[in-house]
Amino acid sequence: QVQLVESGGGLVQAGGSLRLSCAASGGTFSSYAMGWFRQAPGKEREFVAAINWRAANTYYADSVKGRFTISRDDAKNTVYLEMNSLKPEDTAVYYCAAAAAMGRLEDEYDYWGQGTQVTVSS
């Protein structure tokens, strides 16, 4: 059983940056692909980014490509989401998740964190 805890959310002005962290425990972190998803008010949860278990491959939603960067530090059992050039439409609760293989569908992920709020003001 893997436990995931996100941190780093907050309030930022448009054009600003934030770095989210997701700390994992209770499993072999290095064997999991990791993903970030987000859910804005009144909308369904959507895929943001994913990284495979060797960090050899990453995958991004078109809406964040070029602005967000996913990375992982297996020694620290942590995955990160560096978010730059933030826009008001990036406002959402951000969730990290763990899966056996990298994917963009929620059903592919077995473990989820509680989420961290990101609010981008205009």
Asker: Run the side chain to side chain contact (heavy atoms under 4.5 Å, CB included) test on T58 and M102 for me, step by step, so that the C-alpha distance in whole Å, both residues' side-chain angles and the decisive distance to 0.1 Å come before the verdict.
Answerer: CA-CA 8 Å; T58 56; M102 187 173 71; 5.7 Å; no

Asker: Test side chain to side chain contact (heavy atoms under 4.5 Å, CB included) on F68 and N84; report intermediate values, then the result.
Answerer: CA-CA 6 Å; F68 290 11; N84 298 314; over 6 Å; no

Asker: Hey, are R45 and Y95 close enough side-chain-wise for a donor-acceptor pair under 3.5 Å?
Answerer: no

Asker: Out of curiosity, does I70 fall in the hydrophobic cluster containing Y80 (side-chain heavy atoms, cut-off under 4.5 Å, transitive links)?
Answerer: no

Asker: Nearest 0.5 Å please: distance from the CD atom of E89 over to the OG atom of S63.
Answerer: 9.0 Å

Asker: Side-chain heavy atoms under 4.5 angstrom apart, residues restricted to Ile, Leu, Val, Met, Phe, Trp, Tyr: same cluster for Y111 and Y109?
Answerer: no

Asker: Do other residues, nucleotides or ligands put more than 12 heavy atoms under 6.0 Å from the CD atom of Q3?
Answerer: yes

Asker: Ignoring hydrogens and geometry, is there a side-chain-to-backbone donor-acceptor pair from R67 to S85 under 3.5 Å?
Answerer: yes

Asker: Go through it in stages, so that I can follow the logic: the residues are K87 and D90, the test is salt bridge (Lys or Arg N to Asp or Glu O under 4.0 Å), and I'd like the CA-CA distance, side-chain angles, deciding distance and then a yes or no.
Answerer: CA-CA 5 Å; K87 306 174 181 180; D90 294 319; over 6 Å; no

Asker: What's the separation between atom CG in N77 and atom SG in C22, rounded to the nearest 0.5 Å?
Answerer: 10.0 Å

Asker: Do any N or O atoms from the side chain of T78 and from the backbone of K76 form a donor-acceptor pair under 3.5 angstrom?
Answerer: yes

Asker: Name all residues meeting the salt bridge (Lys or Arg N to Asp or Glu O under 4.0 Å) criterion together with E108; count only those two or more places apart in sequence or in a different chain, and write none if there are none.
Answerer: none

Asker: D74 and S30: which non-hydrogen atoms are nearest, and at how many Å?
Answerer: OD2-CB, 3.6 Å

Asker: Answer yes or no: is there a side-chain heavy-atom contact under 4.5 Å between V93 and T116?
Answerer: no

Asker: Going by side-chain contact (heavy atoms from CB on, under 4.5 Å), F47 matches just one of Y60, W36, Y59. Which one?
Answerer: Y59

Asker: Under the side chain to side chain contact (heavy atoms under 4.5 Å, CB included) criterion, do T69 and L81 qualify, and how do the steps go?
Answerer: CA-CA 6 Å; T69 302; L81 186 67; over 6 Å; no

Asker: Grab the two heavy atoms, one from A24 and one from V2, that are nearest each other, plus how far apart they are.
Answerer: CB-CG1, 4.4 Å

Asker: Can you hop from V79 to L4 via hydrophobic side chains spaced under 4.5 Å?
Answerer: yes

Asker: Applying side-chain hydrogen bond (donor to acceptor under 3.5 Å, both in side chains) as the test, list every pair that has at least one member in residues 46-57; sequence neighbours left out.
Answerer: R38-E46

Asker: Has the side chain of T119 got a donor or acceptor atom that lies under 3.5 Å from a matching backbone atom of L11?
Answerer: no

Asker: So, do Y94 and Q117 sit near enough that their side-chain heavy atoms are less than 4.5 Å apart?
Answerer: no

Asker: Between T91 (side chain) and V120 (backbone), is there a donor-acceptor pair under 3.5 Å?
Answerer: yes

Asker: Using 30° and 60° as the class boundaries, would you call the ring planes of F37 and W112 parallel, tilted or perpendicular?
Answerer: tilted

Asker: Closer than 3.5 angstrom, by distance alone: can the side chain of Q114 be matched with the main-chain N or O of E6 as a donor-acceptor pair?
Answerer: no

Asker: Please answer: with hydrophobic residues joined when any side-chain heavy atoms are less than 4.5 Å apart, are V48 and Y32 in the same cluster?
Answerer: yes

Asker: Are I51 and M83 linked, directly or through other ILVMFWY residues, by side chains that come within less than 4.5 angstrom of each other?
Answerer: yes

Asker: If you take all heavy atoms of A33 and A101, which pair is closest and at what distance?
Answerer: CB-C, 3.5 Å

Asker: Heavy atoms only: give me the nearest A40-A92 pair and the separation to one decimal.
Answerer: N-CB, 3.7 Å

Asker: Working to the nearest 0.5 Å, report the span between CE of M34 and OG of S71.
Answerer: 11.5 Å

